[in-house]
Amino acid sequence: MSKYIQGLNASQKEAVLHNEGPLLVLAGAGSGKTRVLTSRIARLVGEKRCKPEEILAVTFTNKAAREMQERVSQATSKAAAEKMTLCTFHSLGVKILREHGKILGLAKSFTIIDEHERGAVLKGIMRGEGVRGLKSEDPDEFGQRISLAKNASLNPDEYYKDNPEERKLFRVYNSYNKILLKRQTVDFDDLLLMPLQILNSSPSVLAEYRKRYRFISIDEFQDTNAVQMKLASLLCAPANNIMVVGDDDQGIYSWRGAQIENIISFSSGYKGCKTVVLDKNYRSTSQILNGALAVVSKNRVRKNKEITAAAGEGDPIFHYKGDDEVDEAEWIAQKIFDNNEHTSYDYTSHAILLRTNSMMRRYEEELRRKKIPCVVVGATSFYERKEIKDIISYMRFFANPHDELSLERVLKVPSRGLGSVTMEKLDDLASLRKISIWDAMLRHHEIEGIAGEQSGKLDEFIDFHKRYTGKFESGLLSSAMRALLSECGYVELLKRAYKEEEEARRRIENVEEMVHGLEIYEHKFIRKKPTLSGYLHELALVSSEEDEKNDGKKKNGAVLMTLHKSKGLEFPVVFLAGLDSEYMPSPRAAAQGSIEEERRLFYVGMTRARKQLYLTYPGQKVFRGNMKAVTPCPFLSEIPEEFLDGKIGQRQDKERMDYLDDFFKQMQEKLDNGELKAQNSELSQNRGSLYAG
């Protein structure tokens, strides 16, 4: 027996032993998909069906990519794994842009902007062109629409302009792309769209990557968007040696542009595609798994699959209907406390999963009141703190002085004494000559009307840039950064800005941690030349994800997180809390006809539980100063009685639940008949009265 399939079940072996041609692996929750994916890669290399460098394996988070790297290293060797390309889609995009970005006019030193900086760029465009938002003056609206357009691989010229709103979006989208290119910056969506443009426009480059990557594997395929699907299809042709792994029942990211159709229709799009269903769940007990499957099977758009639990029958799914919101939170906290005191489930064994971040406060307060340690996943990211953004802006500026957002921040922290009139004149020259603000600074002596004092300050700043560019290029990055911060008096700035000693100390520690990150990067690339651009590329990809240190593992406390953030995790004991029909399914999803995705989200939450699952909601809540009866989440009624420890709260209110069922049926009919788009507003307005107590 091949060592690569030892300990695998029949369906896992079938997937691992697949050689060439397209392969779809439908991997239910807890079915061992990562082991299957890495074992197949190890076998292909170990049996010399391909060289390590001919392997491309793509996933969605840096954490998952690292786990894949570790497992492949164990199954092959560290040397072999290092020759493979095991990365995220965005990291692959960075690689392609570094190697061939010049085709689109992008230098290797390009920088990556985050959502906050994207908003600043869009705000400037709106101001400059006199454009209001789609429904308000919020640039985030444009940002979201542009992001969805890019994820759908739509360029500005391909965007429909049939009405005033779309023409407005076209203008902003077009200007946005031009400004990013001028500043030699990209956003995260560009890390996917621009590589696709390169591969489509350059047959020689496409041929290079097809020759390089003979075997392609993609994890979490249900989360792919249109651009990622096109990238995968381009790279794997014509041999189509592509393995995709995923679970259509866990597709919960359509709001990011993910298309569930990619995995649903994959087998029909690839001739001779083999489909393997991983039908054993090694995480949850059968009571939990079967209850969850009963819910998600109500979806009409899904692949039918039979999955059985390997962990035994276990306890039934528990439930609790609180008297009110306070009582529900108190009951959960008490249950966690009692488990820690009297069972093998300590505090870290528990997770409270909620539909939205805004629901967390009352549960967190109750846990802290009972002195139960807890971790709230989704708190302010390390990279979103002001002092960290300041440091990153300095790094970006010295890596790419044409990054005007970073330049603007550097000029203010500390203030370089450049007045608004001077900056306006620089902006005018930049607009006239179609150059960056930095280039205009270098030519500031050509501008009439800049006072002698202001001209001197510009010369000082240009000299400052020249000196530290030399330090960053010739010495250690961390030493140069420490010298820069010392010269700028940055620590003293923090002490003056934050009078409270403890707060100032924490922020200074954050700055030191950031510089320490440079030291770690230098050590990691000690055999190569560490560069600011390289460090920033790594940093941008990491900080774009949720704070991985708060992933709910290895923490000394119960975890609170949203259902979306829980995907990919597991806990011995899970509470799906606040199951109020006005939160789950979300009103917006209901109005947009996304009930099936909300049902998948509920399924994801249920299948995070290994041993015990609790479903809770309050019987009533405060609404505008009065108590209002709560109707429980309608998905609760879809769990068969045989998997429950009793009736779910208001389940006996058959008339109300039948009304909700009729509501879902009507929405599905409208969706099928193409009527839903026109009805969105009406459905949103009617939902509140529908669910009123």
Side-chain angles (χ1 to χ4, degrees), residues 90-91 93-94 97 101 104-107 109-129 131 133 137-151 156 169 172-194 256-257 380-413 416 423 426-427 430 436-439 441 465 510-511 514 517 532-547:
H90 289 92
S91 294
V94 169
L97 290 179
L104 300 179
L106 198 63
S109 61
F110 69 88
T111 55
I112 306 168
I113 64 172
D114 59 21
E115 287 189 19
H116 175 76
E117 292 158 326
R118 180 186 70 183
V121 174
L122 291 170
K123 190 173 183 179
I125 293 171
M126 292 166 63
R127 183 177 62 249
E129 297 195 5
V131 174
E137 296 185 3
D138 184 3
D140 286 344
E141 293 178 53
F142 282 110
Q144 291 163 6
R145 290 283 293 274
I146 289 171
S147 179
L148 288 173
K150 288 185 176 184
N151 285 330
L169 179 63
V172 174
Y173 186 4
N174 196 44
S175 296
Y176 174 69
N177 276 358
K178 289 179 178 177
I179 286 175
L180 290 193
L181 187 59
K182 172 190 161 188
R183 296 177 179 179
Q184 290 293 293
T185 58
V186 298
D187 62 24
F188 277 92
D189 300 313
D190 289 327
L191 295 180
L192 302 177
L193 182 58
M194 294 179 81
R256 289 183 184 170
T380 302
S381 165
F382 178 77
Y383 299 100
E384 290 298 315
R385 293 165 183 162
K386 179 190 180 300
E387 62 274 18
I388 301 306
K389 282 188 166 287
D390 289 342
I391 306 291
I392 292 175
S393 291
Y394 269 101
M395 292 182 189
R396 285 176 171 162
F397 171 64
F398 281 99
N400 175 17
H402 304 289
D403 181 347
E404 294 178 10
L405 287 171
S406 296
L407 170 59
E408 181 181 356
R409 194 167 190 130
V410 166
L411 290 174
K412 292 178 179 178
V413 185
R416 305 287 169 173
M423 296 308 298
L426 290 170
D427 191 52
S436 67
I437 295 292
W438 174 247
D439 284 334
M441 283 186 166
H465 172 267
N510 290 339
V511 171
M514 195 68 199
L532 278 178
S533 294
Y535 179 65
L536 286 167
H537 284 150
E538 283 206 351
L539 191 65
L541 292 170
V542 172
S543 62
S544 69
E545 299 175 8
E546 300 301 335
D547 185 0

Any non-hydrogen side-chain atom of Asn177 less than 4.5 Å from a side-chain atom of Pro156? yes
Does a side chain donor of either Asp189 or Ser147 reach within less than 3.5 Å of an acceptor in the other side chain? yes
Which heavy atom of Ile388 sits nearest a heavy atom of Asn510, and at what distance? CD1-O, 3.4 Å
Nearest 0.5 Å, please: how far is CD1 in Ile437 from CG in Leu407? 7.5 Å
What closest approach, in Å, do Leu104 and Met194 show between heavy atoms, and which atom pair accounts for it? CD1-O, 3.6 Å
Angle class for the Trp438/His465 ring planes (parallel below 30°, perpendicular above 60°, tilted otherwise)? tilted
Could you tell me whether the side chain of Gln184 and the main chain of His402 form a donor-acceptor pair under 3.5 Å? no
Taking the side chain as C-beta and beyond, is there a heavy-atom pair between Arg396 and Leu536 under 4.5 Å? yes
Heavy atoms from other residues, nucleotides or ligands near NZ of Lys123 exceed 12 (cutoff 6.0 Å): no
Polar side-chain atom of Asn151 near backbone of Arg256 as donor-acceptor pair, under 3.5 Å: yes
Is the closest side-chain heavy-atom distance between Val186 and Leu180 below 4.5 Å? no
List in chain and number order the residues that pass side chain to side chain contact (heavy atoms under 4.5 Å, CB included) with Ser91, two or more places apart in sequence or in another chain; answer none if no residue qualifies. Asn62, Cys87, Thr88, Leu541
Looking only at heavy atoms, the pair that brings Ser393 and Ser406 closest together is O-CB, 3.4 Å
Kindly compute the distance separating NE2 (His90) from CG (Leu97), expressed to the nearest 0.5 Å. 11.0 Å
Kindly determine whether Asp403 and Glu117 satisfy side-chain contact (heavy atoms from CB on, under 4.5 Å), including the steps that lead there. CA-CA 11 Å; Asp403 181 347; Glu117 292 158 326; 5.7 Å; no
Check whether any side-chain heavy atom of Ile112 sits under 4.5 Å from a side-chain heavy atom of Val94, and report yes or no. yes
Quick check: closest heavy atoms across Ala399 and Ser109, and the distance to 0.1 Å? O-CB, 3.9 Å
Indicate yes or no: at least one non-hydrogen side-chain atom of Tyr176 is less than 4.5 angstrom from one of Arg118. yes
Who are the ring-ring contact (aromatic ring centres under 6.0 Å, His included) partners of Tyr535, not counting sequence neighbours? Tyr521
NZ of Lys178: more than 12 outside heavy atoms within 6.0 angstrom? no
Walk me through it: do Glu408 and Lys412 pass the test side-chain contact (heavy atoms from CB on, under 4.5 Å)? CA-CA 7 Å; Glu408 181 181 356; Lys412 292 178 179 178; 3.3 Å; yes
Close side-chain approach of Arg145 to Val172, heavy-atom, < 4.5 Å: no
If you measure from CG on Leu532 to CD1 on Ile392, what distance do you get to the nearest 0.5 Å? 12.0 Å
Ala120 and Leu405 have their tightest heavy-atom pair at CB-CD2, 3.7 Å
I'd like to know whether Arg385 forms a side-chain contact (heavy atoms from CB on, under 4.5 Å) with Met514, so could you lay out the CA-CA distance, the side-chain angles of the two residues, the decisive distance to 0.1 Å, and finally the verdict. CA-CA 11 Å; Arg385 293 165 183 162; Met514 195 68 199; over 6 Å; no
Heavy-atom side-chain contact between Leu426 and Met423 under 4.5 Å: yes
What are the two closest non-hydrogen atoms of Leu193 and Tyr173, and how far apart are they? CD2-OH, 4.2 Å
Are side-chain heavy atoms of Arg183 and Val121 found at a separation under 4.5 Å? yes
